[in-house]
Each structure stands twice: as C-alpha cells, then as structure tokens.
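Down below is the structure, laid out as structure tokens.
Since we're looking at a predicted model, the values are computed, not measured.
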Amino acid sequence: MPRFAILTSAIRSRITVVFLAGLAVAGCEPAAAPAGPPPPEVTTITVAPADVPVTYEYVGQAAGFREVEVRARVTGILLRRNYTEGEPVARGRSLFLIDPAPFQAALSRAEADLAVAAARHDQAARDVARLKPVYEAKAVSQKEFDDTLSAEQVAAAEVKAAQARVDEARLNLGYTRVAAPIAGVASRALPSEGSLISGPDVLLTTVTQTDPMYVIFGIPDREHLAMRREIESGRLKLPADGKFSVVVKLSDGDRYAHAGQLNFTDVRVDTQTGTTEARAVMPNPDGLLRAGEFVRVLMNGATRPAAITVPQRPLVEGPEGKFVYVVGADDKAASRPVEVGPWNGDDWVITAGLAAGDRVIVDGVLKVFPGAPVQVAAAAAPPGGPPDAAPAAPPAEAPKKEKE
C-alpha cells in the first residue's frame with residue numbers, strides 16, 4: 001500500500017477520535033434543573049355563621065295519660081266480670097259485680113228503721129199539737145209541755161239518722177256494681193269470680209287512657225347546667241315559653257308519625273339517677289304507643305344563634321387538641337386550633353378558633369403542612385351555604401369533520 005494512503009487513513013482515525021471526544025464533552029455539560037412538583041390540590045369551604053337547630057336526645061318511657069286503679073268500695077263475693085280484658089271501655093261501664101244480696105237486705109232493714117222513726121215522729125208531733133191549746137189554757141204545767149216538745153224534736157232527729165242509714169245502705173248497694181272511672185283500655189282482671197273482695201284493699205284491674213300518651217324521660221343534671229350556662233352566654237336560645245317539640249323513635253328505630261310537646265319539667269333532681277324528670281304529651285290515635293314501652297326522645301325547638309359548623313373530615317387531632325387547616329390570602333396552609341361543641345347532624349359546632357370568612361380545607365388535609373402553598377380546587381358547599389366557587393364547565397367537544 002502506498003505511504004500516502006497509510007497517512008490519510010491515520011489522519012481520518014484521529015479526526016474521528018477528536019469528533020467523538022467533542023461529542024462526549026458536549027454530552028457531559030450540566031442539564032437544566034427540572035421544575036418542582038405543583039402545589040397539592042385541596043378543597044375548601046368558607047365558614048359562615050348561621051342559626052343552627054339543636055336536638056337533644058334522651059331515653060324515655062311511655063305512660064298512660066291517666067292510669068286508674070279499679071278497686072271495690074265494699075266487701076263481698078265477686079259475682080261476675082262484665083268486660084273483655086284488654087279492650088276499650090267507656091266511662092261508667094260496669095266492670096265487676098259483687099254479690100248484692102247482703103246489701104239489698106241491709107237497705108231493706110234501713111228503710112224499715114226509717115219507717116219506725118217516721119211513725120214515732122208523727123206521734124210526737126200529734127202529742128204536741130194536742131197539748132199546745134191545753135198549755136195555753138194553763139191546764140198543764142210548763143214542764144209537761146216542754147217534755148212533749150222535746151220528744152217531738154228527738155223523734156225528728158231519729159228520722160234523719162234513719163234516713164242517713166238508708167242512704168248509706170243504698171250507696172253500698174250501688175257500689176256492688178264496680179264501674180270504670182275513666183274511658184280507656186282495661187287490663188286483665190286480677191281476682192277471679194268467687195273471690196272474697198275485702199274492699200279497697202284488693203286491686204281488681206287498671207284502666208289506662210291511651211290517647212294521648214305521656215312520654216317520661218330524665219335530663220341529666222350536668223346537661224341541664226350546661227344548657228343554662230349556654231343560655232346565659234347567649235350561645236343557646238330556647239323556644240318561646242319553653243314549648244319544645246318532641247319526636248320519639250320506637251324500639252325498632254322508626255320515627256313515630258305524630259309529634260308531641262313538652263308540658264312538664266320538674267324542679268327537683270332525682271338523687272338516685274341524677275336527672276331531672278321531664279314529660280311530653282304525644283297523640284296516640286292509632287294506639288301504637290303502649291304504656292311501659294321504652295323509646296328514644298328527640299327534643300327540638302332550641303337554636304344556636306350565629307353558630308359556625310364544619311364537617312368532621314377537616315378536624316385533626318393533635319397533641320394539644322383538635323385543629324384544622326385554613327388557606328390564607330397567600331394561598332398557603334396554616335393550622336388553626338379549634339374548640340368543638342356538640343354535634344349538629346353530620347357537622348361539629350365550633351365554639352372557638354374560626355371566624356366568618358375563614359377557608360377551611362376539607363379534602364386533601366393529608367397532603368398539606370403549615371406554610372405549604374396549596375391550589376384550591378372547586379370548593380365544597382359549606383354547611384347551610386353555597387360553594388366558594390362554581391365548578392368549571394366541561395370542555396366543549398371539537399366539531400367533527402364531515403366525511404368527504
């Protein structure tokens with residue numbers, strides 16, 4: 001091979017090496033730094049004060065509007081039961097019959113004694129009528145006339161006493177018919193026919209008025225005191241005249257169809273239970289409520305004026321208590337300690353820590369930390385108010401090209 005060809009090949013190899021080295025040097029130059037991640041997207045609500053209804057819930061027990069024990073007023077043998085157990089009875093209806101024969105005999109004897117006393121009184125009155133003109137003629141002494149007059153007065157008193165015994169015997173005879181004192185539902189008969197009834201000592205049955213019904217429940221003393229303090233501080237407002245509306249839940253969890261009203265609250269505290277007794281009147285036209293039944297009592301009508309509420313999601317439990325994240329004017333997250341009150345449906349009532357206009361992060365709480373910038377997405381609707389911003393409209397579809 002010629003020397004010139006060998007030199008040319010060497011030169012080409014060096015040029016190639018230099019070119020490749022230049023490319024390698026160019027590839028080692030530092031690249032531009034990548035952009036950081038975008039701020040986390042969060043959803044907020046803007047809190048606003050509003051009047052919040054308050055519901056108090058307790059365990060209660062239904063009771064008859066009136067529950068009357070039926071007892072006999074006389075002693076005797078129970079002859080007959082005159083009603084069907086467990087069915088409604090009208091006022092004055094005969095429930096039991098005590099053997100009236102002894103009382104009928106006593107009435108007859110008292111009437112006979114009255115007739116004797118009346119005859120004696122008539123005789124004494126005739127004696128006074130005969131003796132009076134003789135006395136006026138000075139034919140008898142003053143003592144004899146006074147004795148005759150006194151005998152007539154004693155006979156008149158005996159007539160009254162005999163009449164009283166007749167009235168008593170007639171009452172006792174009437175009491176052998178034991179009647180319902182009120183209209184209601186009569187329970188089972190406790191004694192059976194043929195039993196000796198020793199007057200009022202023996203309970204025969206019970207009549208319960210079931211429409212309306214009472215629901216009796218206890219308000220814990222601690223809650224009663226807290227309610228009073230909130231009223232004094234202006235954070236709670238009771239209904240006019242304290243007339244709470246009452247709804248009950250039955251044992252199966254369903255709400256009773258008819259609402260009632262609170263009509264009594266005791267001033268005393270039960271030393272055994274630490275509660276104050278309260279009572280509501282509930283309509284019971286269908287007889288669904290039964291005496292002795294346990295129910296849940298929902299007492300409505302009170303309000304918390306200008307209260308602030310937030311959902312449960314944004315609340316975070318920290319070492320020093322609960323706090324939420326709020327978005328400031330610079331779109332950065334900041335922690336805000338809060339004090340929570342009672343529940344209001346699915347929301348917490350915030351008693352301290354938030355003010356009107358604060359933007360509280362409700363979704364994306366786990367992605368933020370104090371001072372971190374955030375990007376506010378379409379805001380959620382605050383409790384009782386419109387959302388912070390309307391969601392963006394979906395993009396319009398591009399017009400389709402017609403086929404040629």
Side-chain angles (χ1 to χ4, degrees), residues 48-68 182 184 208-251 253-309 339-352 383-384:
D51 291 346
V52 175
V54 181
T55 298
Y56 298 98
E57 185 170 350
Y58 309 100
V59 176
Q61 189 173 22
F65 188 75
R66 286 189 292 177
E67 296 182 358
V68 180
I182 63 171
T208 304
Q209 183 179 344
T210 59
D211 186 20
M213 290 281 285
Y214 282 138
V215 173
I216 300 173
F217 56 97
I219 302 176
D221 186 42
R222 179 179 60 183
E223 187 169 328
H224 194 271
L225 290 175
M227 192 184 305
R228 291 187 58 181
R229 291 193 180 100
E230 288 184 333
I231 294 172
E232 293 172 355
S233 64
R235 293 185 295 179
L236 182 66
K237 183 179 180 182
L238 298 185
D241 301 327
K243 298 297 183 181
F244 283 89
S245 174
V246 175
V247 177
V248 300
K249 289 183 180 179
L250 303 178
S251 56
D254 289 343
R255 287 203 175 197
Y256 183 59
H258 305 282
Q261 191 176 64
L262 185 74
N263 76 328
F264 169 75
T265 304
D266 204 345
V267 296
R268 300 170 298 175
V269 177
D270 191 324
T271 56
Q272 296 182 352
T273 62
T275 60
T276 300
E277 183 178 290
R279 186 184 67 193
V281 180
M282 306 294 300
N284 193 33
D286 304 325
L288 187 59
L289 289 179
R290 298 176 300 165
E293 179 182 8
F294 285 96
V295 296
R296 302 289 298 181
V297 180
L298 305 178
M299 197 167 65
N300 305 312
T303 56
R304 298 187 185 277
I308 292 178
T309 60
E339 295 180 9
V340 299
W343 280 96
N344 177 52
D346 295 332
D347 300 330
W348 280 106
V349 175
I350 304 300
T351 58

- Query: V281 versus Q261: any side-chain heavy-atom pair under 4.5 Å?
  - Reply: no
- The reported gap from CG in D211 to CG in D286 (rounded to nearest 0.5 angstrom) is 8.5 Å
- State the CZ-CG distance between R304 and D51, to the nearest 0.5 angstrom. 12.0 Å
- Query: So do V269 and T275 actually touch side chain to side chain, heavy atoms under 4.5 Å?
  - Reply: no
- Item | Non-hydrogen atoms of G234 and P305 that approach each other most closely | O-CG, 3.5 Å
- Task: Begin from the C-alpha positions of T55 and N300 and carry the test side chain to side chain donor-acceptor pair (under 3.5 Å) through to its verdict.
- Result: CA-CA 5 Å; T55 298; N300 305 312; 2.8 Å; yes
- Query: Is any side-chain heavy atom of V295 closer than 4.5 Å to a side-chain heavy atom of Q61?
  - Reply: no
- Task: Search all heavy atoms of R296 against all heavy atoms of E57 and return the closest pair with its distance.
- Result: NE-OE2, 3.1 Å
- Note on the structure: In this structure, CG of L262 is separated from CZ of R279 (nearest 0.5 Å) by 9.5 Å
- Verify side chain to side chain contact (heavy atoms under 4.5 Å, CB included) between K249 and D254, making sure each step is shown before the conclusion. CA-CA 6 Å; K249 289 183 180 179; D254 289 343; over 6 Å; no
- Please lay out, stage by stage, how V246 and V297 fare under the test side chain to side chain contact (heavy atoms under 4.5 Å, CB included). CA-CA 7 Å; V246 175; V297 180; 3.7 Å; yes
- Query: For P283 and Y256, which heavy atoms make the closest approach, and how far apart are they?
  - Reply: O-OH, 2.7 Å
- Separation between CD of E230 and CZ of R235, rounded to the nearest 0.5 Å: 5.5 Å
- Task: Applying side-chain hydrogen bond (donor to acceptor under 3.5 Å, both in side chains), name anything that partners R268, two or more places apart in sequence or on another chain.
- Result: D266
- Task: Rounded to the nearest 0.5 Å, what's the gap from OG1 on T265 to CD1 on I219? Could you check?
- Result: 5.5 Å
- Over all atoms of both residues, closest heavy-atom pair of G64 and E67: N-OE2, 3.0 Å
- State, with a plain yes or no, whether a side-chain heavy atom of I231 is found less than 4.5 Å away from one of L238. yes
- Message: Quick one, T208 and I182 - any side-chain contact, counting heavy atoms below 4.5 Å?
- Response: no
- Step by step, work out the side chain to side chain contact (heavy atoms under 4.5 Å, CB included) result for V248 and L298. CA-CA 6 Å; V248 300; L298 305 178; over 6 Å; no
- Can you tell me how far CZ of R66 sits from OG1 of T210, rounded to the nearest 0.5 angstrom? 11.5 Å
- Query: Which heavy-atom pair separates A291 from M213 by the least distance, and what is that distance?
  - Reply: N-CE, 3.5 Å
- Indicate yes or no for a side-chain donor-acceptor contact from N284 to the backbone of L288 under 3.5 Å, with no hydrogens or angles considered. yes
- Closest heavy-atom contact between A302 and L236? CB-CD1, 4.0 Å
- After noting the C-alpha distance and the side-chain angles of I350 and T309, does the key distance pass the side chain to side chain contact (heavy atoms under 4.5 Å, CB included) rule? CA-CA 6 Å; I350 304 300; T309 60; over 6 Å; no
- Residue pair T276 / D270, side-chain heavy-atom distance below 4.5 Å: no
- Query: What residue pairs, at least two apart or across chains, pass ring pair (Phe, Tyr, Trp, His ring centres under 6.0 Å) with a residue in residues 215-247?
  - Reply: Y58-F217
